[in-house]
Amino acid sequence: MFIVGLTGGIGSGKSAAANRFRHHGVNVVDADQAARFVVEPGQPALAHIASHFGSHVIQPDGLLDRAALRQRVFDNPEERQWLEQLLHPLIRQEIVQALAASAQTHTAPYAILESPLLIESGQSELVQRVCVVDIPEILQLERASARDGNSPEQIRKIMDAQISRAERCAKADDILDNGGSLAALERQVDDLHQRYLQLAQSA
């Protein structure tokens, strides 16, 4: 199956773009869902995380305390690297399985892999084309802060942990400009959908 990787920085509007692709009947495999699954209670990764970081990153109900873990790793690059080395292969395995299932169960000629770390994690190797949702950094900070309730400083740390806007756009085959309205973004997705149908049929 022809697979398009959809990525962008925090607050860029990846989810809005992905929802528009879904509107056209395209299956979207969400890397964030895979990331949540591999740290669910009972999964080996959660035990490794608790052993490494301590029980304070586990909530009383046994779930991962994402906020506590995020604060720990974004303040310590070595800890973030340890966590990524643990999780990225597991997340990739889940994504591969989901994409294989999509090819079996969905009739659309292409699928979307939505991933905030598509390029950084090497997941771009799984796709034939990279689509970047691009947004000016000032808007990125404003939208992400309003959505998540985090301070601009915390959002900036997350942005700094991702590749730069320029690097991301340089890796793109297609760029969706989300500096305007939702309707404007959706019109761009509509156009790209037609383009991807053509590419998938000729692949």
Side-chain angles (χ1 to χ4, degrees), residues 1-38 66 70 74 84 87-88 91-92 94-96 98-99 102 106 108 110-150 152 154-196 199:
M1 174 175 280
F2 190 80
I3 303 168
V4 176
L6 178 67
T7 192
I10 183 174
S12 62
K14 290 183 304 298
S15 296
N19 285 337
R20 190 62 179 180
F21 280 111
R22 288 188 183 97
H23 169 80
H24 291 291
V26 178
N27 185 46
V28 178
V29 172
D30 186 349
D32 280 343
Q33 288 185 355
R36 287 190 289 271
F37 173 77
V38 301
R66 295 178 176 278
R70 185 184 302 117
F74 278 110
E84 289 173 350
L87 295 182
H88 281 179
I91 295 169
R92 185 188 182 100
E94 289 298 319
I95 288 171
V96 168
L99 289 171
S102 176
H106 289 80
Y110 75 95
I112 295 284
L113 169 57
E114 178 190 357
S115 175
L117 298 177
L118 182 80
I119 298 166
E120 298 94 319
S121 66
Q123 293 167 10
S124 56
E125 298 170 358
L126 302 174
V127 307
Q128 284 74 51
R129 201 166 181 89
V130 173
C131 177
V132 168
V133 184
D134 184 50
I135 183 174
E137 288 191 356
I138 185 64
L139 277 179
Q140 194 177 353
L141 277 168
E142 290 175 1
R143 292 180 182 178
S145 298
R147 181 195 67 190
D148 298 339
N150 290 327
Q154 183 67 24
I155 297 299
R156 172 58 70 179
K157 286 183 180 180
I158 296 173
M159 290 170 61
D160 289 344
Q162 299 176 336
I163 63 172
S164 70
R165 179 188 181 191
E167 290 175 294
R168 190 181 294 110
C169 288
K171 299 286 187 180
D173 297 294
D174 306 293
I175 296 177
L176 291 166
D177 178 2
N178 195 24
S181 66
L182 175 61
L185 175 66
E186 291 180 340
R187 284 194 295 271
Q188 294 173 71
V189 172
D190 294 346
D191 291 340
L192 270 185
H193 172 62
Q194 297 302 320
R195 172 68 172 149
Y196 293 156
L199 290 172

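Keep in mind that the numbers below use all heavy atoms, side chains included, and drop hydrogens, waters and symmetry copies.
Here His24 pairs with Asp190 under the side-chain hydrogen bond (donor to acceptor under 3.5 Å, both in side chains) rule; sequence neighbours left out. Remark: Arg143 engages no residue in a salt bridge (charged side-chain N to carboxylate O under 4.0 Å, His left out) (not counting sequence neighbours). Residues satisfying the ring pair (Phe, Tyr, Trp, His ring centres under 6.0 Å) test with Tyr196, not counting sequence neighbours, are Tyr110. A search for side-chain hydrogen bond (donor to acceptor under 3.5 Å, both in side chains) contacts involving Gln194 returns nothing, not counting sequence neighbours.
Here the shortest heavy-atom pairing between Val132 and Ala172 reads CG2-CB, 3.6 Å. Nearest heavy atom pair, residue Val133 against residue Ser12, reads CG1-O, 3.3 Å. The two atoms that bring Ala31 and Ile95 nearest to each other are CB-CD1, 3.8 Å, heavy atoms only. Nearest heavy-atom pair, Gly11 versus Ile135, reported as atom, atom and distance to 0.1 Å: O-CD1, 3.8 Å. Nearest heavy atoms, Pro136 versus Gly179: CD-CA, 4.2 Å. Heavy-atom minimum distance, Leu182 versus Ala16: CD1-CB, 3.9 Å.
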Ile175 vs Cys169, side chain to side chain contact (heavy atoms under 4.5 Å, CB included): CA-CA, chis, key distance, verdict: CA-CA 7 Å; Ile175 296 177; Cys169 288; 3.9 Å; yes

Step-by-step side chain to side chain contact (heavy atoms under 4.5 Å, CB included) determination, Leu99 to Met1: CA-CA 9 Å; Leu99 289 171; Met1 174 175 280; over 6 Å; no

From CA spacing to verdict: side chain to side chain contact (heavy atoms under 4.5 Å, CB included), Arg156, Glu137: CA-CA 9 Å; Arg156 172 58 70 179; Glu137 288 191 356; 3.5 Å; yes

Derivation and outcome, side chain to side chain contact (heavy atoms under 4.5 Å, CB included), residues Leu87 and Val38: CA-CA 8 Å; Leu87 295 182; Val38 301; 4.1 Å; yes

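Contact check on Arg147 versus Glu142 returns no salt bridge, with no Lys/Arg side-chain nitrogen under 4.0 Å from an Asp/Glu carboxylate oxygen.
The line from CD of Gln188 to CZ of Arg20 is 12.0 Å long, rounded to the nearest 0.5 Å. Considering CD of Gln154 and OG of Ser145, their distance stands at 10.0 Å, rounded to 0.5 Å. To the nearest 0.5 Å, atom CZ of residue Phe37 and atom CD of residue Glu94 are 5.0 Å apart. Separating the CZ atom in Arg92 from the OG atom in Ser115 is a distance of 11.0 Å, to the nearest 0.5 Å. The distance from atom CG of Leu6 to atom SG of Cys131, rounded to the nearest 0.5 Å, is 5.5 Å. Interatomic distance, CG of Asn19 versus NZ of Lys14, reported as 12.0 Å (0.5 Å rounding).
When atom types are taken as modelled, the side chain of Gln162 and the backbone of Ile10 share a donor-acceptor pair closer than 3.5 angstrom. Put simply, the side chain of Ser121 gets close to the backbone of Leu117: a donor and an acceptor are under 3.5 Å apart.
A 4.5 Å side-chain heavy-atom check between Leu176 and Asn178 finds every atom pair outside the cut-off. Side-chain contact check for Arg195 versus Asp191: every heavy-atom pair is 4.5 Å or farther apart. Under the 4.5 Å side-chain criterion, counting only non-hydrogen atoms from C-beta, Val4 is not in contact with Gln128.
Within the structure, the salt bridge (Lys or Arg N to Asp or Glu O under 4.0 Å) test picks out no pair touching residues 27-38 (sequence neighbours left out). Residue pairs satisfying the salt bridge (Lys or Arg N to Asp or Glu O under 4.0 Å) criterion with at least one member in residues 164-179, sequence neighbours excluded, are listed as follows: Arg129-Asp174, Asp134-Arg165.
When each of Leu118, Leu113, Ile163 is checked for a side chain to side chain contact (heavy atoms under 4.5 Å, CB included) with Thr7, only Leu118 meets the rule.
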